[in-house]
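Okay, so here's the structure we're looking at.
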Amino acid sequence: MRYPSLLNRSCAARALTAGIAALLSAGLNGAAEAPTVPTVTALLCGHLIDTAAGKVLGETTIVIEGGRVKEVRSGLQAPAGAAAIDLKTQTCMPGLIDSHTHLTGQTSRTEYVDRYHWNLADYVIRSTVYARRTLLAGFTTVRNLGDTANESAALRDAINAGVVAGPRIFTAGKAIGSTGGHADPTNGLRQDLMKDLGPVDGIINSPEDAIKAVREHYKLGDDVIKIMPSGGVLDEGASGDNSQMTLEEIRAVVTTAHDYGFAVAAHAHGAEAIRRAVLGGVDSIEHGTFMDAEDMKLMVEHGTYYVPTIIAGDFVARQAKVPGYYPATIAGKAIAIGPLIQATAGRAYKAHVKIAFGTDAAVYPHGENAHEFELMVGAGMPPMYVIQAATVNAAALLRHDKDLGSVAAGKLADVVAVPGNPIDDISLMKRVSFVMKEGIVYKLNSVPVDTGL
Ligand SMILES: [Zn+2]
């Protein structure tokens with residue numbers, strides 16, 4: 001895989017110490033003057049969700065050392081010398097994974113005008129705030145599916161280096177699509193501002209272009225590939241669901257991407273575009289609005305994941321009714337497409353399509369990601385399944401299930417907690433009270449911890 005090392009040991013050790021020091025200064029165990037800082041942390045959880053087994057366990061102690069889980073024991077018993085964190089009234093679970101974000105932008109009424117005034121740096125500075133909000137909402141890992149000029153890789157690297165607080169990012173850089181399609185940033189502009197873009201800009205018009213575009217992403221150090229086989233809602237093209245890539249172009253992307261160890265995520269609303277993407281071998285279908293029974297059958301056969309992003313459809317459909325929020329072309333597409341995703345997600349679940357949690361964050365304000373859990377349950381999915389979609393399933397889609405997706409000895413110490421049992425009340429997922437990423441505590445008792453970031 002082209003993925004960066006998941007755990008930078010010296011950085012993690014430094015940050016772990018900082019995290020524990022922050023806990024001590026918060027007066028947790030009154031040992032601020034102790035000569036040695038504990039290197040082992042014990043989370044005393046009232047309950048733990050075993051996402052691999054799909055069960056809610058009783059009182060459980062999670063022992064953490066060096067950014068990884070050392071041991072998971074039943075009962076509440078911290079090892080001697082460990083810094084204990086009391087989560088007895090909480091339900092613990094693995095750090096949540098959002099499989100579809102865009103951390104370097106965010107919706108606003110002025111979004112389509114700002115792009116003529118803002119430099120890339122304006123977006124990047126704001127992205128550090130969005131990243132922190134996402135982490136504090138309990139999302140310790142995201143798959144970032146599209147930016148402008150690979151700026152999300154800089155955000156990823158700054159987070160990994162401990163410069164800013166945020167989730168672990170696996171980024172696609174800029175999405176790949178065709179001329180005039182959903183990935184063409186000059187769509188809908190005045191003719192003299194339109195540009196004839198090529199593979200280096202992520203715009204392809206042949207299998208040869210597709211190969212070059214993927215290799216360009218490898219050169220830039222990206223982690224995953226995002227393609228646009230269908231039209232989309234938030235660009236100024238006429239159609240939100242037409243087919244915009246040939247099967248041969250999709251196959252060329254996928255074959256090359258898999259050569260380099262990249263998974264491929266396909267934005268697709270139309271049934272034909274979904275069919276081509278699945279036959280072309282992509283790893284996930286994003287949105288999937290007009291997915292039909294044949295598409296679902298093919299996805300089950302091919303093991304293709306579905307990332308519904310119901311919250312994005314719901315948000316754009318509501319905002320489209322606010323006069324002037326979107327340009328007219330976009331508002332029309334948002335009203336036609338947005339409200340349909342929830343029902344599609346429900347049908348896909350019933351058809352046994354594998355589902356990974358993802359939200360298209362940026363289309364709605366960052367940090368509100370967990371509302372997707374409620375919408376998934378509203379589509380007919382059981383609460384345990386939607387939590388698995390955001391943990392074990394999303395980790396498998398990322399090809400990082402060895403390190404992520406469940407709380408178990410040897411895995412990265414990403415743990416979040418909510419006050420109560422989310423299986424009984426899924427809305428608790430919006431009230432994450434505790435966040436630990438790689439052994440560092442970022443939120444405790446519902447309050448952000450000052451880690452110095
Ligand atoms: Zn998206």
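Counting starts at 1 for both ligands and their atoms, in listed order. For clarity, every value in this text was computed on a predicted model and none was experimentally measured. Numbering starts at 1 and runs along the sequence shown.
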Can you tell whether the side chains of E374 and K430 come within less than 4.0 Å, N to carboxylate O? yes
Residue that, paired with Y364, satisfies side chain to side chain contact (heavy atoms under 4.5 Å, CB included) out of D314, N369, V316: N369
Going by an N to O cut-off under 4.0 Å, is there a salt bridge joining R143 and D223? no
Under 2.8 Å from the Zn ion (ligand 1) - protein N/O/S, by chain and number: H100 NE2, H102 NE2, D360 OD1
Test side-chain hydrogen bond (donor to acceptor under 3.5 Å, both in side chains) applied to Y218 and T256, step by step: CA-CA 10 Å; Y218 175 71; T256 312; over 6 Å; no
Do the side chains of E272 and R275 get close enough for a salt bridge, i.e. N-O under 4.0 angstrom? yes
Determine whether the aromatic ring centres of residues Y306 and Y349 are separated by less than 6.0 angstrom. no
